[in-house]
A.B. asks: 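Below are the structure tokens for one structure; questions will follow.
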Amino acid sequence: MQEQYRTVAREGVHETEINRSRFICALAPAASEQEARDFVARVRREHPTATHNCFAYVIGADAAVQRASDDGEPGGTAGAPMLQMLLRRETRYVAAVVTRYYGGVKLGAGGLIRAYGGVVGEALDALGTVTRQRFRIATVTVDHQRAGKLENDLRATGRAVRDVRYAEAVTIEVGLPGADVDAFRAWLADATAGTARLELGGEAYGAA
């Protein structure tokens with residue numbers, strides 16, 4: 001698995017005009033291929049009279065799923081440069097739709113490639129990207145007496161506290177970089193005088 005990946009910070013839209021054609025790039029994070037398809041379908045519904053609604057998306061931290069569509073533009077002049085821009089910027093779990101309203105001036109193949117790829121790059125700049133880091137999920141079980149201080153200590157030392165649940169004991173879910181597990185185990189034993197229990201779970205991605 002990849003140690004980290006980048007994705008778009010939030011859903012949003014960026015628009016530019018090139019030779020009287022409007023190019024509107026909608027970007028969104030997408031956790032799955034189905035989410036990406038749903039986003040493409042939604043943007044198409046929002047622009048039913050557009051000349052073209054071209055799309056590209058990349059799913060998977062390792063970019064395992066890559067799809068693109070020219071939606072009627074000459075082959076390779078829209079979806080492919082959009083996809084290349086997403087890959088060049090190393091963004092993952094992201095979907096892009098570029099809606100074009102034709103303005104009467106033909107751009108030629110080179111002009112279209114620059115326009116479609118360029119507006120995706122501009123949209124990424126405008127909306128920003130965030131880095132997601134791979135974490136090992138660790139569950140710490142501790143008594144109520146120590147829980148408040150332990151949670152504060154975890155946050156103070158920059159650990160990613162994902163969830164806190166109160167029952168007979170308190171369970172705190174923490175995201176740990178894989179390399180930190182042994183050091184964390186020793187720190188936890190010291191911080192709780194050996195009273196806390198640590199269980200290691202699966203892996204997930206979270207804010208770096």
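The figures here come from the full heavy-atom set of this structure, side chains too, leaving out hydrogens, waters and symmetry mates.
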A.B. asks: To the nearest 0.5 Å, what is the distance between CG (L112) and CD (E73)?
C.D. replies: 5.0 Å
A.B. asks: If a pair satisfies salt bridge (Lys or Arg N to Asp or Glu O under 4.0 Å) and one of its residues is in residues 16-25, list it, with sequence neighbours excluded.
C.D. replies: E15-R22
A.B. asks: Does atom CD (Q145) have a neighbourhood of more than 12 heavy atoms from anything else shown, all under 6.0 Å?
C.D. replies: no
A.B. asks: For E35, give me all partners under side-chain contact (heavy atoms from CB on, under 4.5 Å), at least two apart in sequence or on another chain.
C.D. replies: A30, A31, S32
A.B. asks: Taking ILVMFWY side chains as joined if any heavy atoms are under 4.5 angstrom apart, and letting links pass through other members, which residues group with V130?
C.D. replies: none
A.B. asks: Aromatic rings Y93 and Y5: how do their planes relate, parallel, tilted or perpendicular, breaks at 30° and 60°?
C.D. replies: tilted
A.B. asks: Of the non-hydrogen atoms in S21 and G103, which two are nearest, and what is the gap between them?
C.D. replies: OG-N, 2.9 Å
A.B. asks: Can you name the side-chain hydrogen bond (donor to acceptor under 3.5 Å, both in side chains) partners of R92, sequence neighbours left out?
C.D. replies: none
A.B. asks: Going by an N to O cut-off under 4.0 Å, is there a salt bridge joining D153 and R146?
C.D. replies: no
A.B. asks: For the CG atom of D163 and the CD atom of E173, what is their distance to the nearest 0.5 Å?
C.D. replies: 5.5 Å
A.B. asks: With sequence neighbours left out, what residues match S69 under side-chain contact (heavy atoms from CB on, under 4.5 Å)?
C.D. replies: R44, F55, D71
A.B. asks: Identify the two heavy atoms, one from L86 and one from A56, that lie closest to each other, and give their separation to 0.1 Å.
C.D. replies: CD1-O, 3.8 Å
A.B. asks: In Å, rounded to the nearest 0.5 Å, how long is the span from CZ of R185 to CG of D182?
C.D. replies: 6.5 Å
A.B. asks: Give the minimum heavy-atom separation between R89 and R6, together with the two atoms involved.
C.D. replies: O-NH2, 2.9 Å
A.B. asks: side-chain contact (heavy atoms from CB on, under 4.5 Å) with R159: which residues, sequence neighbours excluded?
C.D. replies: L154, T157, V174, L176, F184, W187
A.B. asks: Between T51 (side chain) and Y102 (backbone), is there a donor-acceptor pair under 3.5 Å?
C.D. replies: yes
A.B. asks: Can you see which heavy atom on E11 is nearest to which on A28, and at what distance?
C.D. replies: CG-CB, 3.8 Å
A.B. asks: Could you pull out all residues at least two apart from D180 that satisfy side-chain contact (heavy atoms from CB on, under 4.5 Å)?
C.D. replies: P177
A.B. asks: Answer with yes or no whether the hydrophobic clustering places V58 together with V97; edges join I, L, V, M, F, W, Y residues whose side-chain heavy atoms lie under 4.5 Å apart.
C.D. replies: no
A.B. asks: Enter the distance from D143:CG to R197:CZ here, rounded to the nearest 0.5 Å.
C.D. replies: 12.0 Å
A.B. asks: Apart from I24 itself, what residues make up its hydrophobic cluster when side-chain heavy atoms of I, L, V, M, F, W and Y under 4.5 Å apart count as a link, directly or indirectly?
C.D. replies: V13, Y101
A.B. asks: Under 4.5 Å between side-chain heavy atoms, counting indirect links through other Ile/Leu/Val/Met/Phe/Trp/Tyr residues: same cluster for I59 and F39 or not?
C.D. replies: yes
A.B. asks: Which residues pass the salt bridge (Lys or Arg N to Asp or Glu O under 4.0 Å) test with K106, not counting sequence neighbours?
C.D. replies: none
A.B. asks: Do you know the tightest heavy-atom contact between P29 and V8?
C.D. replies: N-CG1, 3.3 Å
A.B. asks: Measure the shortest side-chain to side-chain distance between T77 and I113 over non-hydrogen atoms and say whether it is less than 4.5 angstrom.
C.D. replies: yes
A.B. asks: Does any part of the side chain of E151, heavy atoms only, come nearer than 4.5 Å to the side chain of V142, both counted from C-beta?
C.D. replies: no
A.B. asks: For I137, which fellow cluster members are found when Ile, Leu, Val, Met, Phe, Trp and Tyr are connected by side-chain heavy-atom distances below 4.5 angstrom, either directly or through intermediates?
C.D. replies: none
A.B. asks: Are Y57 and V94 packed together at the side-chain level, in the sense that at least one heavy-atom pair is separated by less than 4.5 angstrom?
C.D. replies: no
A.B. asks: Taking the side chain as C-beta and beyond, is there a heavy-atom pair between M85 and Y116 under 4.5 Å?
C.D. replies: no
A.B. asks: Check for a donor-acceptor pair, side chain of D70 on one end and backbone N or O of G76 on the other, with a separation under 3.5 Å.
C.D. replies: yes
A.B. asks: Under 4.5 Å between any side-chain heavy atoms of H14 and L127, yes or no?
C.D. replies: no
A.B. asks: Among residues at least two apart in sequence or on other chains, which ones pass side-chain hydrogen bond (donor to acceptor under 3.5 Å, both in side chains) with N19?
C.D. replies: none
A.B. asks: Are L124 and L27 packed together at the side-chain level, in the sense that at least one heavy-atom pair is separated by less than 4.5 angstrom?
C.D. replies: yes
A.B. asks: Assess whether atom CZ of R114 is packed by more than 12 heavy atoms of other residues, nucleotides or ligands within 6.0 Å.
C.D. replies: no
A.B. asks: If you look only at pairs with a residue in residues 48-66, which of them pass as a salt bridge (Lys or Arg N to Asp or Glu O under 4.0 Å), with sequence neighbours excluded?
C.D. replies: none
A.B. asks: Are L188 and L150 packed together at the side-chain level, in the sense that at least one heavy-atom pair is separated by less than 4.5 angstrom?
C.D. replies: yes
A.B. asks: Could you go through the side-chain contact (heavy atoms from CB on, under 4.5 Å) check for L87 and Q66 one step at a time?
C.D. replies: CA-CA 9 Å; L87 294 171; Q66 303 176 23; 3.4 Å; yes
A.B. asks: Applying side-chain contact (heavy atoms from CB on, under 4.5 Å), run through L198 and V140 and close with a yes or a no.
C.D. replies: CA-CA 5 Å; L198 175 66; V140 177; 3.9 Å; yes
A.B. asks: What are the two closest heavy atoms between H47 and N53, and how far apart are they?
C.D. replies: O-ND2, 3.3 Å
A.B. asks: Any side-chain heavy atom of I172 sitting closer than 4.5 Å to one from V161?
C.D. replies: yes
